[in-house]
Amino acid sequence: MGGNLVESLIGAVVLVVASVFLYVAYSTTGVGGGDGYPLEARFDRVGGLSMGADVRMSGIKIGTVTEQRLDPESFQAVIRFTVDKSLSLPTDSFAKITSDGLLGDTYVDVQPGGVPEYLQPGDEVAFTQGPIDLFGLISKAVYSGDAGSSEE
């Protein structure tokens, strides 16, 4: 009977340690969206962008992608993301989807504008650029040479 008590205590300790680990991992990665205000942006395509992806400015994380959906009328991808409350983005700010190198993470890069009016929570970033189709560019470069034309 004493063995069952020891096993139960060890199981309880394991559950507490696992809970603490999950809490720390959840709070430090910013998966929950963090304390920020929501914005939206529309893109023709989003490439490998996923939920929980970073929103960065000058290489520094300022927010998180919280939602992706397809607009049934325009057929554009609508990305909802948060931006740190301490930042006020001008209304002419620019958002583009990019990645860290060939195999790096895909994220939203925000470049601030210069007008004195600022985006409010729930506003849409008007100026956007989707990811560059690297494989399409490579295939164009490889197959653009006209093999049939030879100057004699």
Side-chain angles (χ1 to χ4, degrees), residues 13-152:
V13 168
V14 168
L15 288 175
V16 168
V17 169
S19 298
V20 168
F21 175 74
L22 288 175
Y23 172 76
V24 169
Y26 184 79
S27 63
T28 58
T29 58
V31 174
D35 284 337
Y37 60 95
L39 293 175
E40 287 188 353
R42 294 174 180 269
F43 297 93
D44 290 332
R45 55 188 211 86
V46 294
L49 190 69
S50 60
M51 297 280 294
D54 288 353
V55 176
R56 301 180 191 175
M57 182 182 293
S58 301
I60 297 173
K61 181 177 177 178
I62 61 166
T64 304
V65 173
T66 58
E67 180 185 347
Q68 295 182 355
R69 64 182 168 84
L70 187 66
D71 183 351
E73 293 178 11
S74 68
F75 301 109
Q76 287 185 310
V78 179
I79 304 301
R80 190 168 183 86
F81 57 93
T82 60
V83 173
D84 191 325
K85 288 181 182 179
S86 66
L87 298 173
S88 295
L89 294 177
T91 55
D92 64 340
S93 295
F94 181 78
K96 69 177 179 177
I97 298 174
T98 189
S99 65
D100 286 329
L102 288 176
L103 301 176
D105 292 335
T106 304
Y107 63 93
V108 177
D109 183 37
V110 177
Q111 298 171 0
V115 299
E117 295 92 26
Y118 298 101
L119 293 168
Q120 299 300 313
D123 282 353
E124 183 174 308
V125 177
F127 305 105
T128 62
Q129 176 186 337
I132 295 173
D133 182 14
L134 187 60
F135 294 114
L137 291 175
I138 291 172
S139 67
K140 280 184 183 178
V142 169
Y143 298 113
S144 67
D146 189 6
S149 66
S150 61
E151 297 184 28
E152 297 179 32

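- Between atom CD of residue Gln120 and atom OH of residue Tyr118 there is a gap of 11.0 Å, rounded to the nearest 0.5 Å.
- Within the 4.5 Å cutoff, the side chain of Arg56 has heavy atoms near those of the Asp100 side chain.
- Annotation: the span from Met57 atom CE to Gln111 atom CD amounts to 9.0 Å, rounded to 0.5 Å.
- With contacts defined as side-chain heavy-atom distances shorter than 4.5 Å, the pair Phe81/Val125 qualifies.
- By the 4.5 Å heavy-atom criterion applied to side chains, Arg80 and Arg69 are not counted as neighbours.
- Nearest approach of Thr128 to Arg42, heavy atoms of both residues: OG1-O, 2.7 Å.
- Atom CG of Asp54 and atom CG of Leu49 lie 10.0 Å apart (nearest 0.5 Å).
- By the neighbour-count criterion of 12 heavy atoms within 6.0 Å, atom CG of Leu70 is densely surrounded, having more than that number from other residues, nucleotides or ligands.
- The two residues Ala77 and Val46 come nearest to each other via the heavy atoms CB-CG1, 3.5 Å.
- The shortest non-hydrogen separation linking Gln76 to Asp44 is NE2-OD1, 3.2 Å.
- Residues Val110 and Leu89 meet the side-chain proximity criterion, which asks for heavy atoms closer than 4.5 Å.
- Contact between Pro112 and Ser93 at its shortest, heavy atoms only, is CA-OG, 3.5 Å.
- In this structure, Ile97 and Thr106 have side chains that are in contact, with non-hydrogen atoms separated by less than 4.5 Å.
- A distance of 9.0 Å separates CD of Glu40 from OG1 of Thr66, quoted to the nearest 0.5 Å.
- Among all heavy-atom pairs drawn from Tyr37 and Leu87, the shortest one is OH-O, 3.0 Å.
- Between Leu39 and Leu119, the closest side-chain pair of non-hydrogen atoms falls below 4.5 Å.
- In plain terms, the two heavy atoms of Gly113 and Pro90 that are nearest each other are O-CG, 3.5 Å.
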